[in-house]
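One-based numbering, in listed order, for ligands and for the atoms of each.
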Amino acid sequence: MNLNASTVFAQGRFMTYDDARVGLLTHGLNYGTGCFEGIRGYWNQDERELNLLLLREHFERLHTSAKILLMKIPHTVDELVELTLELCARNRFEQDVYIRPLCYKSAEDVGVRLMGVPDAFTITALPYTPYYDASAGLKTCVSSWRRVDDTMAPARAKITGAYVNSALAKSEAQMNGFDEAIMLSNDGHVAEGSAANMFIVRNGTLFTPDPTQNVLEGITRRAVLTLAENELRIPVVERMIDRSELYAADEIFFTGTAAGITFVTAVDHRQVGDGRMGPVARRLRELYESAVNGRAPKYRGWLTPVYANRRVPA
Ligand code: PMP
């Protein structure tokens, strides 16, 4: 796909990506004062339909992120859903897609602050390319970079500038020969990966850090908790996790919109289980894959179809 010619939503209307430009002094670019979402759409070839996953949940989180940053998204959740469906239809996607709504401080002036700075809102959509090779699992390390604390830059909001934290951790991990970083919170408990939440399984119980542990309130995390509670009937506990519990775990996996459910083979040179995908991760992956691909009637409500009842503009 030619990104420059693709249709985006910016300045309150649809235009080409090439026409939507930002100036050098843009506040959000200089100070990281913005918030965003990452949403996935799954192409269903049999139904010739593009299904967007948990769309409302993403826009509700965007509204929360914006509120934390003293920003106002100029559209309700319902309007955002409609705009996104229209954007996908205008791009005539017939493949998996990744959608990136972004709200940023748009003033072109100098001075760090949040109040009284105008905002801009955009949505870009592009074909999805896989984030990890999920089949092989990931070799991880505990990062020397700690996760940003709620008292510094709230991790529960998806704040553009805070991704420097993720980028430092991920780069260090990869430059040291690992696939992914696990960040601890400032007080030394397990937080999350660079762009994914974490789960461990130990003695038949599923654990994940609770949302006060400086983690993004992940939408895939919530979906996986729902699947585990409804379908697996194993104990699910949200609580602080120690670093050494990573070494003792039977299974570890990441969850995220881009990451899906991706298992971890090792942490800090300690193999997790037998180094292969464990039974809980495997079962959750199967359930998640059938839900996102529209094969699970019970979870069909997670999907919003683009083309049903929508005429593609000529
Ligand atoms: N944590 C961070 C830091 C992330 O960037 C992401 C990706 N959005 C996640 C967790 C996973 O969140 P979600 O399931 O909502 O994509």
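Taken to the nearest 0.5 Å, the OG1 atom of Thr212 stands 9.5 Å off from the CD atom of Glu238. Taking CZ of Arg270 as the start and CD1 of Ile252 as the end, the distance is 11.5 Å to the nearest 0.5 Å. Here the straight-line distance linking atom OG1 of Thr124 with atom CZ of Phe9 works out to 11.5 Å at 0.5 Å rounding.
The residues lining ligand 1, counting any heavy atom closer than 4.0 Å, are Arg61, Arg147, Lys158, Tyr163, Glu192, Ser194, Ala195, Ala196, Asn197, Leu216, Gly218, Ile219, Thr220, Thr255, Gly256, Thr257.
Judged by distance alone, the side chains of His189 and Gln213 never bring a donor and an acceptor atom under 3.5 Å apart. Between the side chains of Ser185 and Asp187, at least one donor N or O sits under 3.5 Å from an acceptor N or O.
Counting only residues at least two apart or in different chains, ring pair (Phe, Tyr, Trp, His ring centres under 6.0 Å) contacts with residues 247-268 comprise Phe199-Phe253.
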